[in-house]
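Let me begin by presenting the structure, written as C-alpha coordinates, before commenting on it.
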Amino acid sequence: LMEACLELMKKDAIVGIQDMGAAGLTSSAVELAASSNLGININLDKVPLRDNTMTADQIMLSESQERMLIILSPKKEKEAKKIFSKWNLDYANIGKISSSKKITLKYKNFTVADIPISSLVSSKTFKRSFSSYKNIYVKKVYRKEKISYLVKKILKNPNYKSKNKIWEQYDHMITRNVISQMGGNASVIKTNSGYQAIALTTDCNIFYCDTDPYEGALQAVAESYRNLISVGSKPLALTNCLNFGNPEKNIIMGQFVNSIKGINKASKNLKLPIVSGNVSFYNETNDNNIPPTPQIGAVGVINDYRKVISNSSFKLDDNIYLIGASGSHLSCSAYERCFYNYKDIKKNSIPPKVDLDQEKHNGEFIHKLINKKIISSCHDISDGGLIIALLEMCLTKKCSISFSKKFKSHSFLFGEDQSRYIVSVNKFKLKEFDKNIKSSKIQNVKIGRIKKGNIIKFADDSFINIDELEKLNKL
(Lines give C-alpha, C1' and ligand atoms only; values in the text may rest on other atoms or scores of the structure.)
Protein backbone atom coordinates (compact mmCIF):
# COMPACT_ATOMS: atom_id res chain seq x y z
CA LEU A 1 0.00 0.00 0.00
CA MET A 2 2.76 2.44 0.90
CA GLU A 3 4.76 1.64 -2.23
CA ALA A 4 1.67 2.11 -4.43
CA CYS A 5 0.91 5.47 -2.82
CA LEU A 6 4.51 6.65 -3.27
CA GLU A 7 4.42 5.59 -6.92
CA LEU A 8 1.16 7.51 -7.48
CA MET A 9 2.65 10.59 -5.83
CA LYS A 10 5.63 10.51 -8.20
CA LYS A 11 3.20 10.56 -11.13
CA ASP A 12 1.23 13.51 -9.66
CA ALA A 13 -1.93 11.39 -9.66
CA ILE A 14 -2.97 12.15 -6.07
CA VAL A 15 -4.95 15.31 -5.31
CA GLY A 16 -5.63 14.37 -1.68
CA ILE A 17 -4.91 11.40 0.59
CA GLN A 18 -5.95 10.33 4.09
CA ASP A 19 -5.07 7.16 5.98
CA MET A 20 -7.93 5.25 7.60
CA GLY A 21 -7.55 4.93 11.34
CA ALA A 22 -10.03 5.47 14.16
CA ALA A 23 -13.65 5.65 12.90
CA GLY A 24 -12.54 4.31 9.51
CA LEU A 25 -14.13 5.78 6.41
CA THR A 26 -16.14 8.27 8.49
CA SER A 27 -13.19 10.26 9.82
CA SER A 28 -11.05 10.01 6.67
CA ALA A 29 -13.88 11.13 4.33
CA VAL A 30 -15.00 14.00 6.57
CA GLU A 31 -11.45 15.21 7.24
CA LEU A 32 -10.54 15.15 3.53
CA ALA A 33 -13.62 17.14 2.50
CA ALA A 34 -13.30 19.58 5.42
CA SER A 35 -9.65 20.33 4.66
CA SER A 36 -10.70 21.96 1.36
CA ASN A 37 -14.07 23.30 2.59
CA LEU A 38 -15.90 21.01 0.13
CA GLY A 39 -18.39 18.13 0.26
CA ILE A 40 -18.10 14.42 -0.54
CA ASN A 41 -20.53 11.90 -2.08
CA ILE A 42 -19.93 8.20 -1.34
CA ASN A 43 -21.69 5.14 -2.74
CA LEU A 44 -21.29 2.50 -0.05
CA ASP A 45 -22.33 -0.27 -2.45
CA LYS A 46 -18.95 0.16 -4.16
CA VAL A 47 -16.79 -0.20 -1.04
CA PRO A 48 -14.88 -3.54 -1.10
CA LEU A 49 -16.20 -5.74 1.73
CA ARG A 50 -15.16 -9.01 3.34
CA ASP A 51 -18.71 -9.54 4.56
CA ASN A 52 -21.54 -8.56 2.22
CA THR A 53 -24.05 -8.44 5.09
CA MET A 54 -22.44 -5.31 6.56
CA THR A 55 -24.79 -2.38 7.14
CA ALA A 56 -24.13 1.22 6.13
CA ASP A 57 -23.02 2.27 9.61
CA GLN A 58 -20.71 -0.75 9.90
CA ILE A 59 -19.08 0.07 6.56
CA MET A 60 -18.52 3.69 7.61
CA LEU A 61 -17.10 2.79 11.03
CA SER A 62 -15.05 -0.30 10.14
CA GLU A 63 -11.40 0.14 11.19
CA SER A 64 -9.89 -2.50 8.91
CA GLN A 65 -6.20 -1.72 8.50
CA GLU A 66 -3.91 -1.10 5.50
CA ARG A 67 -6.41 1.21 3.78
CA MET A 68 -6.16 4.69 2.26
CA LEU A 69 -8.79 7.10 0.99
CA ILE A 70 -7.37 8.82 -2.08
CA ILE A 71 -8.69 11.70 -4.18
CA LEU A 72 -7.42 11.00 -7.70
CA SER A 73 -7.20 13.25 -10.69
CA PRO A 74 -9.86 11.81 -13.12
CA LYS A 75 -7.29 11.77 -15.94
CA LYS A 76 -5.02 9.51 -13.88
CA GLU A 77 -7.58 6.86 -12.94
CA LYS A 78 -6.50 4.28 -15.52
CA GLU A 79 -2.86 4.71 -14.54
CA ALA A 80 -3.81 4.33 -10.87
CA LYS A 81 -5.65 1.07 -11.58
CA LYS A 82 -2.52 -0.37 -13.18
CA ILE A 83 -0.41 0.58 -10.18
CA PHE A 84 -2.92 -0.93 -7.71
CA SER A 85 -3.07 -4.13 -9.76
CA LYS A 86 0.73 -4.26 -9.89
CA TRP A 87 0.85 -4.18 -6.07
CA ASN A 88 -2.05 -6.67 -5.77
CA LEU A 89 -4.33 -4.18 -3.97
CA ASP A 90 -8.13 -3.93 -3.90
CA TYR A 91 -9.29 -0.69 -5.47
CA ALA A 92 -12.70 0.92 -6.01
CA ASN A 93 -14.02 4.27 -7.15
CA ILE A 94 -16.53 4.93 -4.36
CA GLY A 95 -17.53 8.55 -4.94
CA LYS A 96 -16.68 12.13 -5.78
CA ILE A 97 -15.79 15.44 -4.19
CA SER A 98 -18.65 17.96 -4.46
CA SER A 99 -19.27 21.64 -3.74
CA SER A 100 -22.18 20.84 -1.41
CA LYS A 101 -20.14 21.09 1.81
CA LYS A 102 -22.02 17.96 2.93
CA ILE A 103 -21.23 14.28 3.29
CA THR A 104 -23.84 12.33 1.32
CA LEU A 105 -23.98 8.55 1.62
CA LYS A 106 -25.91 6.15 -0.62
CA TYR A 107 -26.59 2.55 0.32
CA LYS A 108 -28.73 0.10 -1.68
CA ASN A 109 -30.06 3.00 -3.80
CA PHE A 110 -31.19 4.98 -0.74
CA THR A 111 -29.63 8.17 0.66
CA VAL A 112 -28.80 7.15 4.22
CA ALA A 113 -26.94 10.30 5.25
CA ASP A 114 -26.86 13.93 4.15
CA ILE A 115 -24.98 15.88 6.79
CA PRO A 116 -23.28 19.30 6.69
CA ILE A 117 -19.52 18.76 7.10
CA SER A 118 -19.27 21.79 9.40
CA SER A 119 -21.49 20.10 12.00
CA LEU A 120 -19.03 17.18 12.16
CA VAL A 121 -15.77 19.11 12.39
CA SER A 122 -16.75 22.19 14.40
CA SER A 123 -14.98 22.50 17.72
CA LYS A 124 -16.66 20.73 20.62
CA THR A 125 -15.70 21.65 24.16
CA PHE A 126 -16.32 19.67 27.30
CA LYS A 127 -14.79 20.91 30.51
CA ARG A 128 -14.36 18.06 32.94
CA SER A 129 -13.53 19.04 36.50
CA PHE A 130 -10.12 18.02 37.84
CA SER A 131 -7.85 18.43 40.82
CA SER A 132 -4.07 18.65 41.05
CA TYR A 133 -1.67 17.62 43.78
CA LYS A 134 1.82 18.75 44.71
CA ASN A 135 3.97 16.49 46.84
CA ILE A 136 5.82 17.99 49.78
CA TYR A 137 9.36 16.63 49.91
CA VAL A 138 10.37 14.95 53.17
CA LYS A 139 14.05 14.13 53.59
CA LYS A 140 14.64 10.41 54.08
CA VAL A 141 17.23 8.59 56.14
CA TYR A 142 19.08 5.91 54.17
CA ARG A 143 20.85 3.24 56.17
CA LYS A 144 24.50 2.57 55.34
CA GLU A 145 24.89 -0.12 52.70
CA LYS A 146 27.74 -1.17 50.45
CA ILE A 147 27.68 0.13 46.87
CA SER A 148 27.79 -3.42 45.51
CA TYR A 149 24.72 -4.40 47.57
CA LEU A 150 22.71 -1.45 46.23
CA VAL A 151 23.78 -2.10 42.63
CA LYS A 152 22.67 -5.74 42.89
CA LYS A 153 19.35 -4.78 44.48
CA ILE A 154 18.57 -2.30 41.71
CA LEU A 155 19.56 -4.68 38.92
CA LYS A 156 17.42 -7.48 40.35
CA ASN A 157 14.37 -5.40 39.50
CA PRO A 158 12.87 -6.44 36.11
CA ASN A 159 12.74 -2.76 35.06
CA TYR A 160 16.53 -2.75 34.75
CA LYS A 161 17.05 -6.17 33.21
CA SER A 162 17.79 -6.90 29.56
CA LYS A 163 14.60 -7.33 27.49
CA ASN A 164 16.21 -9.83 25.10
CA LYS A 165 13.55 -12.48 25.89
CA ILE A 166 11.07 -10.18 24.19
CA TRP A 167 12.97 -8.81 21.20
CA GLU A 168 14.60 -12.12 20.29
CA GLN A 169 11.14 -13.41 19.33
CA TYR A 170 10.84 -10.87 16.51
CA ASP A 171 12.69 -9.84 13.35
CA HIS A 172 14.41 -6.96 15.11
CA MET A 173 16.93 -6.59 12.29
CA ILE A 174 14.19 -5.66 9.74
CA THR A 175 15.93 -6.75 6.51
CA ARG A 176 19.28 -5.77 8.04
CA ASN A 177 18.49 -2.07 7.99
CA VAL A 178 18.79 -1.83 11.78
CA ILE A 179 22.41 -0.95 12.46
CA SER A 180 22.24 -0.49 16.24
CA GLN A 181 22.49 -3.19 18.88
CA MET A 182 19.38 -3.93 20.91
CA GLY A 183 19.18 -2.42 24.39
CA GLY A 184 21.08 0.76 23.55
CA ASN A 185 20.09 4.40 23.77
CA ALA A 186 17.97 4.40 20.60
CA SER A 187 17.39 2.21 17.55
CA VAL A 188 19.17 3.35 14.40
CA ILE A 189 17.62 2.33 11.08
CA LYS A 190 18.98 3.00 7.59
CA THR A 191 16.63 4.75 5.17
CA ASN A 192 18.56 3.47 2.12
CA SER A 193 19.02 7.05 0.98
CA GLY A 194 22.79 7.51 0.87
CA TYR A 195 24.17 7.30 4.41
CA GLN A 196 21.02 8.68 5.99
CA ALA A 197 19.38 6.93 8.94
CA ILE A 198 16.69 7.61 11.53
CA ALA A 199 16.87 7.09 15.28
CA LEU A 200 13.86 5.96 17.31
CA THR A 201 13.18 5.73 21.03
CA THR A 202 10.37 5.59 23.60
CA ASP A 203 10.46 6.65 27.23
CA CYS A 204 8.48 7.20 30.41
CA ASN A 205 9.33 6.92 34.12
CA ILE A 206 6.06 6.08 35.90
CA PHE A 207 7.52 6.84 39.35
CA TYR A 208 8.27 10.42 38.30
CA CYS A 209 4.84 10.78 36.67
CA ASP A 210 3.03 9.36 39.69
CA THR A 211 4.67 11.74 42.15
CA ASP A 212 4.45 14.78 39.84
CA PRO A 213 2.58 14.33 36.52
CA TYR A 214 3.83 17.65 35.13
CA GLU A 215 7.52 17.10 35.88
CA GLY A 216 7.30 13.40 35.03
CA ALA A 217 5.83 13.99 31.57
CA LEU A 218 8.30 16.81 30.91
CA GLN A 219 11.14 14.47 31.91
CA ALA A 220 9.85 11.76 29.54
CA VAL A 221 10.25 14.19 26.64
CA ALA A 222 13.68 15.30 27.86
CA GLU A 223 14.94 11.73 28.23
CA SER A 224 13.66 10.80 24.76
CA TYR A 225 15.59 13.82 23.45
CA ARG A 226 18.68 12.61 25.32
CA ASN A 227 18.38 9.10 23.89
CA LEU A 228 18.33 10.45 20.34
CA ILE A 229 21.28 12.77 20.98
CA SER A 230 23.31 9.86 22.42
CA VAL A 231 23.53 8.08 19.06
CA GLY A 232 24.35 11.23 17.09
CA SER A 233 20.92 12.06 15.69
CA LYS A 234 19.20 15.42 15.41
CA PRO A 235 15.88 15.13 17.31
CA LEU A 236 12.96 15.95 15.00
CA ALA A 237 9.52 15.10 16.37
CA LEU A 238 7.42 13.31 18.98
CA THR A 239 4.44 11.03 19.24
CA ASN A 240 2.78 9.77 22.41
CA CYS A 241 0.56 7.16 23.99
CA LEU A 242 -1.13 8.74 27.01
CA ASN A 243 -2.27 5.98 29.38
CA PHE A 244 -4.38 6.94 32.39
CA GLY A 245 -7.02 5.65 34.77
CA ASN A 246 -10.63 6.75 35.08
CA PRO A 247 -10.95 10.43 33.98
CA GLU A 248 -14.28 10.74 35.80
CA LYS A 249 -12.21 10.90 38.97
CA ASN A 250 -10.92 14.43 39.51
CA ILE A 251 -7.46 13.32 40.60
CA ILE A 252 -6.99 11.16 37.47
CA MET A 253 -8.20 13.94 35.19
CA GLY A 254 -5.74 16.24 36.95
CA GLN A 255 -2.90 13.81 36.17
CA PHE A 256 -3.91 13.91 32.51
CA VAL A 257 -4.12 17.72 32.38
CA ASN A 258 -0.78 18.25 34.10
CA SER A 259 0.97 15.60 31.99
CA ILE A 260 -0.14 17.40 28.83
CA LYS A 261 1.15 20.68 30.25
CA GLY A 262 4.54 19.06 30.91
CA ILE A 263 4.74 17.55 27.42
CA ASN A 264 3.70 20.88 25.90
CA LYS A 265 6.37 22.81 27.79
CA ALA A 266 9.19 20.38 26.92
CA SER A 267 8.23 19.91 23.26
CA LYS A 268 8.14 23.67 22.67
CA ASN A 269 11.43 24.36 24.45
CA LEU A 270 13.24 21.52 22.68
CA LYS A 271 11.50 22.37 19.37
CA LEU A 272 10.03 18.90 18.94
CA PRO A 273 6.58 19.05 17.30
CA ILE A 274 4.06 16.40 18.33
CA VAL A 275 2.91 14.85 15.05
CA SER A 276 0.56 12.17 16.37
CA GLY A 277 -0.65 10.51 19.53
CA ASN A 278 -3.15 8.32 21.29
CA VAL A 279 -5.10 8.47 24.57
CA SER A 280 -6.09 5.43 26.60
CA PHE A 281 -8.45 6.12 29.53
CA TYR A 282 -10.27 3.91 32.04
CA ASN A 283 -7.25 1.71 32.78
CA GLU A 284 -8.76 0.73 36.11
CA THR A 285 -9.44 -2.58 37.87
CA ASN A 286 -11.45 -2.89 41.09
CA ASP A 287 -11.21 0.86 41.63
CA ASN A 288 -7.39 0.72 41.31
CA ASN A 289 -6.01 3.00 38.58
CA ILE A 290 -2.72 2.61 36.77
CA PRO A 291 -0.13 5.30 37.49
CA PRO A 292 -0.12 8.12 34.90
CA THR A 293 1.91 6.79 31.97
CA PRO A 294 2.42 9.36 29.20
CA GLN A 295 4.68 7.22 27.02
CA ILE A 296 6.72 9.36 24.63
CA GLY A 297 8.01 8.22 21.26
CA ALA A 298 10.65 10.29 19.48
CA VAL A 299 12.39 10.27 16.11
CA GLY A 300 15.60 11.92 14.93
CA VAL A 301 17.58 12.04 11.70
CA ILE A 302 21.21 11.06 11.11
CA ASN A 303 22.85 12.44 7.98
CA ASP A 304 25.76 10.00 8.03
CA TYR A 305 25.25 6.74 9.91
CA ARG A 306 29.00 6.05 9.72
CA LYS A 307 29.35 8.57 12.56
CA VAL A 308 26.84 6.80 14.81
CA ILE A 309 28.09 5.79 18.25
CA SER A 310 26.46 3.79 21.03
CA ASN A 311 26.86 2.84 24.68
CA SER A 312 29.18 0.00 23.56
CA SER A 313 31.37 1.63 20.89
CA PHE A 314 34.24 2.43 23.31
CA LYS A 315 37.64 0.68 23.38
CA LEU A 316 39.92 -0.47 26.17
CA ASP A 317 41.85 2.39 27.83
CA ASP A 318 39.32 5.00 26.65
CA ASN A 319 38.80 7.76 29.22
CA ILE A 320 35.34 8.08 30.80
CA TYR A 321 33.74 11.46 31.58
CA LEU A 322 30.49 12.61 33.12
CA ILE A 323 28.98 15.47 31.10
CA GLY A 324 26.61 17.60 33.15
CA ALA A 325 26.15 18.31 36.85
CA SER A 326 27.26 15.92 39.58
CA GLY A 327 24.46 13.78 41.00
CA SER A 328 22.58 14.84 44.12
CA HIS A 329 18.87 13.98 43.67
CA LEU A 330 17.89 10.72 45.39
CA SER A 331 14.20 11.36 46.01
CA CYS A 332 11.90 9.19 43.85
CA SER A 333 14.95 7.28 42.61
CA ALA A 334 15.80 3.61 42.18
CA TYR A 335 18.22 4.13 45.09
CA GLU A 336 15.43 5.34 47.39
CA ARG A 337 13.30 2.31 46.50
CA CYS A 338 16.13 0.09 47.82
CA PHE A 339 15.24 1.30 51.33
CA TYR A 340 11.55 2.14 51.24
CA ASN A 341 8.35 0.70 49.82
CA TYR A 342 7.36 3.13 47.07
CA LYS A 343 3.67 3.16 48.07
CA ASP A 344 4.63 4.28 51.59
CA ILE A 345 6.73 7.25 50.47
CA LYS A 346 5.27 8.37 47.15
CA LYS A 347 3.36 11.29 48.70
CA ASN A 348 6.54 12.80 50.15
CA SER A 349 8.91 12.12 47.24
CA ILE A 350 9.55 14.38 44.27
CA PRO A 351 11.18 13.66 40.89
CA PRO A 352 14.27 15.55 39.69
CA LYS A 353 13.50 18.78 37.89
CA VAL A 354 14.59 19.29 34.29
CA ASP A 355 16.25 22.55 33.27
CA LEU A 356 15.24 22.58 29.61
CA ASP A 357 17.80 25.23 28.67
CA GLN A 358 20.54 23.08 30.21
CA GLU A 359 19.07 20.01 28.52
CA LYS A 360 19.33 21.69 25.13
CA HIS A 361 22.79 23.14 25.82
CA ASN A 362 24.26 19.79 26.91
CA GLY A 363 22.51 17.94 24.08
CA GLU A 364 23.83 20.26 21.40
CA PHE A 365 27.34 19.91 22.87
CA ILE A 366 27.18 16.09 22.73
CA HIS A 367 25.80 16.22 19.19
CA LYS A 368 28.77 18.39 18.15
CA LEU A 369 31.28 16.00 19.74
CA ILE A 370 29.76 13.04 17.91
CA ASN A 371 29.72 14.87 14.57
CA LYS A 372 33.39 15.79 14.99
CA LYS A 373 34.23 12.18 15.99
CA ILE A 374 35.76 13.37 19.25
CA ILE A 375 34.02 10.86 21.55
CA SER A 376 33.98 7.12 20.99
CA SER A 377 30.79 6.23 22.88
CA CYS A 378 27.91 7.86 24.76
CA HIS A 379 25.21 6.80 27.20
CA ASP A 380 22.53 9.00 28.73
CA ILE A 381 22.09 8.86 32.51
CA SER A 382 18.61 8.03 33.79
CA ASP A 383 17.14 5.49 36.26
CA GLY A 384 19.74 4.38 38.79
CA GLY A 385 22.05 7.30 38.10
CA LEU A 386 25.68 7.37 37.01
CA ILE A 387 26.73 4.00 38.44
CA ILE A 388 23.95 1.99 36.74
CA ALA A 389 24.69 3.70 33.41
CA LEU A 390 28.39 2.82 33.78
CA LEU A 391 27.63 -0.81 34.59
CA GLU A 392 25.30 -1.04 31.59
CA MET A 393 28.22 0.05 29.42
CA CYS A 394 30.60 -2.47 31.03
CA LEU A 395 28.10 -5.28 30.43
CA THR A 396 28.11 -4.67 26.67
CA LYS A 397 31.78 -5.73 26.41
CA LYS A 398 32.34 -7.55 29.73
CA CYS A 399 35.01 -5.10 30.84
CA SER A 400 35.85 -3.12 33.98
CA ILE A 401 36.47 0.49 35.05
CA SER A 402 39.48 1.99 36.76
CA PHE A 403 38.03 4.94 38.70
CA SER A 404 40.11 8.14 38.67
CA LYS A 405 39.40 8.71 42.38
CA LYS A 406 37.37 7.26 45.23
CA PHE A 407 33.77 8.20 44.48
CA LYS A 408 32.15 7.36 47.82
CA SER A 409 29.14 9.69 47.72
CA HIS A 410 25.95 7.73 47.10
CA SER A 411 24.20 10.83 45.80
CA PHE A 412 26.99 11.26 43.23
CA LEU A 413 26.77 7.63 42.15
CA PHE A 414 23.01 7.02 42.30
CA GLY A 415 21.53 10.52 41.93
CA GLU A 416 19.07 10.81 39.04
CA ASP A 417 19.70 14.46 38.14
CA GLN A 418 18.78 15.23 34.54
CA SER A 419 20.51 16.45 31.34
CA ARG A 420 23.56 14.22 31.86
CA TYR A 421 25.63 11.83 29.77
CA ILE A 422 28.60 9.48 30.09
CA VAL A 423 31.08 9.74 27.22
CA SER A 424 34.30 7.90 26.42
CA VAL A 425 37.29 9.58 24.80
CA ASN A 426 40.25 7.91 23.13
CA LYS A 427 43.63 9.18 24.38
CA PHE A 428 44.43 10.59 20.92
CA LYS A 429 41.31 12.78 21.09
CA LEU A 430 41.83 14.12 24.63
CA LYS A 431 43.33 17.48 23.61
CA GLU A 432 40.48 18.18 21.22
CA PHE A 433 37.97 17.09 23.86
CA ASP A 434 39.50 19.37 26.52
CA LYS A 435 39.50 22.29 24.08
CA ASN A 436 35.79 21.85 23.37
CA ILE A 437 34.97 21.44 27.07
CA LYS A 438 36.72 24.69 27.98
CA SER A 439 35.16 26.72 25.17
CA SER A 440 31.64 25.49 25.98
CA LYS A 441 31.98 25.77 29.78
CA ILE A 442 30.10 22.49 30.18
CA GLN A 443 30.19 20.88 33.63
CA ASN A 444 32.15 17.64 33.59
CA VAL A 445 33.92 15.16 35.84
CA LYS A 446 36.56 12.64 34.85
CA ILE A 447 35.33 9.26 36.08
CA GLY A 448 38.19 6.98 35.03
CA ARG A 449 39.01 4.70 32.13
CA ILE A 450 37.87 1.43 30.58
CA LYS A 451 40.10 -1.51 31.46
CA LYS A 452 40.25 -5.24 30.87
CA GLY A 453 38.92 -7.40 33.68
CA ASN A 454 35.78 -8.86 35.16
CA ILE A 455 35.85 -7.25 38.61
CA ILE A 456 34.63 -3.69 39.25
CA LYS A 457 35.89 -2.30 42.57
CA PHE A 458 34.09 0.56 44.33
CA ALA A 459 35.39 3.23 46.71
CA ASP A 460 33.94 1.50 49.80
CA ASP A 461 36.04 -1.62 49.07
CA SER A 462 33.03 -3.57 47.85
CA PHE A 463 33.08 -5.02 44.34
CA ILE A 464 30.97 -6.79 41.74
CA ASN A 465 31.86 -9.50 39.25
CA ILE A 466 30.84 -8.90 35.62
CA ASP A 467 29.67 -12.51 35.27
CA GLU A 468 27.40 -12.03 38.29
CA LEU A 469 26.20 -8.74 36.80
CA GLU A 470 25.36 -10.53 33.55
CA LYS A 471 23.22 -13.09 35.41
CA LEU A 472 21.41 -10.32 37.29
CA ASN A 473 20.74 -8.58 33.99
CA LYS A 474 18.78 -11.48 32.48
CA LEU A 475 15.00 -11.78 32.81
Side-chain angles (χ1 to χ4, degrees), residues 1-128 239 241-242 247 275-282:
L1 178 64
M2 289 189 290
E3 294 291 350
C5 289
L6 289 170
E7 198 169 327
L8 281 167
M9 288 172 185
K10 284 180 181 177
K11 295 182 180 294
D12 291 326
I14 295 177
V15 177
I17 186 168
Q18 183 76 32
D19 66 294
M20 289 196 202
L25 190 52
T26 300
S27 61
S28 53
V30 169
E31 287 169 11
L32 259 181
S35 65
S36 298
N37 198 26
L38 292 167
I40 189 165
N41 301 328
I42 297 176
N43 186 343
L44 296 177
D45 296 325
K46 292 186 177 181
V47 176
L49 303 176
R50 287 180 184 167
D51 181 356
N52 291 324
T53 66
M54 288 178 75
T55 59
D57 57 326
Q58 288 173 338
I59 295 169
M60 288 301 292
L61 293 171
S62 168
E63 295 181 6
S64 293
Q65 298 297 296
E66 292 85 44
R67 298 192 302 168
M68 288 282 190
L69 185 63
I70 295 173
I71 309 300
L72 282 173
S73 168
K75 294 177 182 178
K76 301 278 187 177
E77 192 170 354
K78 283 186 180 179
E79 196 169 10
K81 279 184 180 180
K82 287 180 183 177
I83 291 170
F84 291 131
S85 296
K86 170 188 166 182
W87 292 101
N88 197 26
L89 294 167
D90 288 329
Y91 157 82
N93 183 336
I94 64 170
K96 286 186 177 180
I97 293 292
S98 72
S99 59
S100 67
K101 296 185 181 180
K102 292 180 178 182
I103 179 167
T104 304
L105 306 177
K106 286 199 172 180
Y107 178 68
K108 299 192 184 301
N109 297 319
F110 287 96
T111 299
V112 291
D114 190 21
I115 308 167
I117 295 283
S118 59
S119 68
L120 301 173
V121 296
S122 58
S123 177
K124 303 290 190 298
T125 302
F126 172 62
K127 289 188 177 179
R128 191 186 287 280
T239 185
C241 184
L242 308 179
V275 297
S276 63
N278 177 60
V279 178
S280 175
F281 277 135
Y282 297 98

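Just the heavy atoms: all of them, side chains too, but no hydrogens, waters or symmetry mates, feed the values below. Each residue takes its place number in the sequence, starting with 1.
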Roughly how far, to the nearest 0.5 Å, is the [atom2] atom of [Y] from the [atom1] atom of [X]?
X	Y	atom1	atom2	result
Lys106	Lys108	NZ	NZ	15.0 Å
Ile71	Ile97	CD1	CD1	4.0 Å
Asn93	Ile70	CG	CD1	11.5 Å
Ile42	Leu69	CD1	CG	6.5 Å

Seminar exercise, completed: Lys101 meets the salt bridge (Lys or Arg N to Asp or Glu O under 4.0 Å) criterion, sequence neighbours left out, with none
For this session: Output all residues satisfying salt bridge (Lys or Arg N to Asp or Glu O under 4.0 Å) with Lys102, sequence neighbours left out; order by chain, then residue number.
Result: Asp114
List in chain and number order the residues that pass side chain to side chain contact (heavy atoms under 4.5 Å, CB included) with [X], two or more places apart in sequence or in another chain; answer none if no residue qualifies.
X	value
Ser85	none
Val275	Ala237
Ser62	Met54, Ser64, Arg67
Ser98	Asn41, Ser100

Problem set entry | Any donor-acceptor pair under 3.5 Å from Gln58 side chain to Thr55 backbone |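 The answer is yes, because a donor-acceptor pair under 3.5 Å joins these two groups.
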Problem set entry | Ser276 side-chain N/O to Thr239 backbone N/O, donor-acceptor pair under 3.5 Å |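 Checked: no pair found.
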Tabulate below the donor-acceptor pairs under 3.5 Å that side-chain atoms of residues 19-30 make, not counting sequence neighbours, or state none.
{"unit_1": "Thr26", "atom_1": "OG1", "unit_2": "Met60", "atom_2": "O", "d": "2.8"}
{"unit_1": "Ser27", "atom_1": "OG", "unit_2": "Ala22", "atom_2": "O", "d": "2.7"}
{"unit_1": "Ser27", "atom_1": "OG", "unit_2": "Gly24", "atom_2": "O", "d": "3.3"}
{"unit_1": "Ser28", "atom_1": "OG", "unit_2": "Gly24", "atom_2": "O", "d": "3.1"}
{"unit_1": "Ser28", "atom_1": "OG", "unit_2": "Leu25", "atom_2": "O", "d": "3.3"}

Looking only at non-hydrogen atoms, find the nearest pair between [X] and [Y] and report the distance.
X	Y	value
Val112	Ala56	CG2-CB, 4.2 Å
Leu1	Leu89	CA-CD1, 3.9 Å
Asn52	Leu49	OD1-CB, 4.1 Å
Ile117	Ala34	CG2-CB, 3.7 Å
Ala80	Leu72	CB-CD1, 3.6 Å
Asp45	Asn109	OD2-N, 3.8 Å

Problem set entry | Residues that Tyr282 engages under ring pair (Phe, Tyr, Trp, His ring centres under 6.0 Å), provided they are two or more places apart | none
For this session: Only counting residues at least two apart or in another chain, list the ones meeting ring pair (Phe, Tyr, Trp, His ring centres under 6.0 Å) with Phe84.
Result: Tyr91
Exercise. Among pairs that include at least one residue of residues 98-126, which meet ring pair (Phe, Tyr, Trp, His ring centres under 6.0 Å), considering only residues two or more places apart or in two chains?
Worked result: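 Output for this query is empty, none listed.
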Problem set entry | Contacts of Ser73 that satisfy side chain to side chain donor-acceptor pair (under 3.5 Å) - sequence neighbours left out |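 Scan of Ser73 (side chain to side chain donor-acceptor pair (under 3.5 Å), adjacent residues dropped) gives none.
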Exercise. So does Arg50 have more than 12 non-hydrogen atoms from other groups sitting under 6.0 Å from CZ?
Worked result: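 Not buried by this count: 12 neighbours or fewer within 6.0 Å.
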Problem set entry | Atom CG of Asp51 with >12 non-hydrogen neighbours under 6.0 angstrom | yes
Can you give me every donor-acceptor pair (side chain of residues 4-17, partner residue at least two apart or in another chain, under 3.5 Å) with its distance?
{"unit_1": "Glu7", "atom_1": "OE1", "unit_2": "Lys86", "atom_2": "NZ", "d": "3.1"}
{"unit_1": "Glu7", "atom_1": "OE1", "unit_2": "Trp87", "atom_2": "NE1", "d": "3.0"}
{"unit_1": "Glu7", "atom_1": "OE2", "unit_2": "Lys86", "atom_2": "NZ", "d": "3.3"}

Exercise. Checking side-chain contact (heavy atoms from CB on, under 4.5 Å) for the pair Asn43/Ile94: CA distance, chi angles, key distance, verdict?
Worked result: CA-CA 5 Å; Asn43 186 343; Ile94 64 170; 5.8 Å; no
